[in-house]
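Single-structure report; data block below.
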There are 2 protein chains.
Amino acid sequence: MARDAAVKTAPPASAISDATLREFTGYNMKRAFMVIQADVTRTLEPFGLRMVTYSALAIVGDNPGLSQTQLAAALAIERPNLVVIVDELEGRDLVNRDRVPTDRRTYALRLTTEGARLLARATEAVRGHEARMIKGIGKADEATLIACLNQIEASDTGRS
Amino acid sequence: MARDAAVKTAPPASAISDATLREFTGYNMKRAFMVIQADVTRTLEPFGLRMVTYSALAIVGDNPGLSQTQLAAALAIERPNLVVIVDELEGRDLVNRDRVPTDRRTYALRLTTEGARLLARATEAVRGHEARMIKGIGKADEATLIACLNQIEASDTGRS
DNA sequence: TATTGTTATACTCTATAACTATA
DNA sequence: TATAGTTATAGAGTATAACAATA
């Protein structure tokens, strides 16, 4: 290690600046989201769930009977990638793939009793995670935060 | 297609609810960040930069002479993954790997003249992206947004 | 013995093309 | 012909172990 009095040729590890990037909302959001993602991953682990499988359960719970294509669109993932996710949830008897008599191409996705129970328990745990994350933020600021996030989301040009 | 008057067995594609997930800051943040990420990716494409390569340029610009280990820590990526990123930037003559006489194990990373020029031009473009993203959000709310994001980031327990 | 940069490797996530069965 | 679900596959992004050079 160089002595304290040595000529500084490089910043010490503790003093690396990200001033240029801190100017941008997106950078601050990415850093904040990394913390949230790490915590929610730990939160869901005891239930054998990942962010995407928990989200899938929540969407199916809110929309019983929806199709895999609809679920993929709601989760903003491609249909092929959803197949393995539903396979996993069905294999654990958390969701059912019910046949639709009027259109034998599609499945109607529904939570099983166990799926609904696990979703309820996991949602309680995620509420605990949420409380940890926004601890120290007042109600008014929290409302402003959500409103800003939704405004940014709505600014999507959809250009592809 | 089922007729309009048919018994509704599944919600129409346009009416899928994510009410349960909307309760959570992390979900709203993920949706907002996906929009930001898509737009900034398009913004940086003309410069031949990705989010991570732009971020690397910005950090090197703010901290001339820092090591690869320090840069990796600042970007929150693993050292092995940084090597290929610096390889790419060095190959395009945007950054230099200068030898450090006092410690021949480390490189001192610095922007080349062209690297500094590209960083400046890209940063201007990212400012335009930023303006698009927060259009419609007032100055006060923007300050609250940043403060909330930083508060959430600071809530990191660091538990690993 | 510890650290920097590196290689090799593997695992997850995501994206696309093409197939089947139904409509 | 078009759509739902599926398969196969390829490309990112990310993570760990182990090595050579140097401290």
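The sequence lines fix the lettering, A, B, ..., with proteins before strands; numbering per chain opens at 1.
Residues B:Thr20 and A:Asp62 have side chains that bring a donor and an acceptor to within less than 3.5 angstrom of each other.
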Got a list of side-chain donor-acceptor pairs under 3.5 Å for residues 116-123 of chain A, not counting sequence neighbours?
from, atom 1, to, atom 2, distance (Å)
A:Thr123, OG1, A:Tyr54, OH, 2.9
A:Thr123, OG1, A:Leu119, O, 2.7

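Regarding B:Gln37, its CD atom lies at a distance of 15 Å from the P atom of C:dC13, rounded to whole Å. In this structure, A:Gln70 places its CD atom 14 Å from P of D:dT3, rounding to the nearest Å. For the pair A:Leu109 CG and D:dA4 P, the computed distance is 13 Å after rounding to whole Å. For the pair A:Asp103 CG and C:dT22 P, the computed distance is 11 Å after rounding to whole Å. In this entry the distance linking CG of A:Asp98 with P of D:dG5 reads 13 Å, nearest Å.
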When every nucleotide of nucleotides 8-16 of chain D is labelled 5' to 3' by its protein contacts under 4.0 Å (heavy atoms), B for base, S for sugar-phosphate only, - for none, what sequence of letters results? B----SBBB

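One N or O donor and one acceptor, one from the side chain of A:Arg105 and one from the base of D:dT3, sit under 3.5 Å apart.
For the pair B:Asp87 and A:Arg99, nearest-nucleotide mapping onto DNA chain C gives the more 5' position to B:Asp87. Where A:Arg97 and B:Arg104 meet DNA chain D, the nucleotide closest to each residue was compared, and A:Arg97 sits on the side nearer the 5' end. Nearer to the 5' terminus of DNA chain C, by closest-nucleotide assignment, is the contact made by B:Gln68 (compared with the other of A:Pro101 and B:Gln68).
Under the side-chain hydrogen bond (donor to acceptor under 3.5 Å, both in side chains) criterion, A:Asp87 pairs with A:Arg97, not counting sequence neighbours. Every residue two or more places apart in sequence or in another chain that forms a side-chain hydrogen bond (donor to acceptor under 3.5 Å, both in side chains) with B:Thr25 is listed here: A:Glu130.
Applying the salt bridge (Lys or Arg N to Asp or Glu O under 4.0 Å) definition to pairs two or more places apart or across chains, none involves residues 136-148 of chain B. The salt bridge (Lys or Arg N to Asp or Glu O under 4.0 Å) analysis of residues 48-59 of chain A, with sequence neighbours excluded, yields the pairs A:Arg50-A:Glu88.
Checking D:dA23, C:dT4, C:dT6 against the side-chain heavy atoms of B:Thr106 singles out C:dT4 as nearest.
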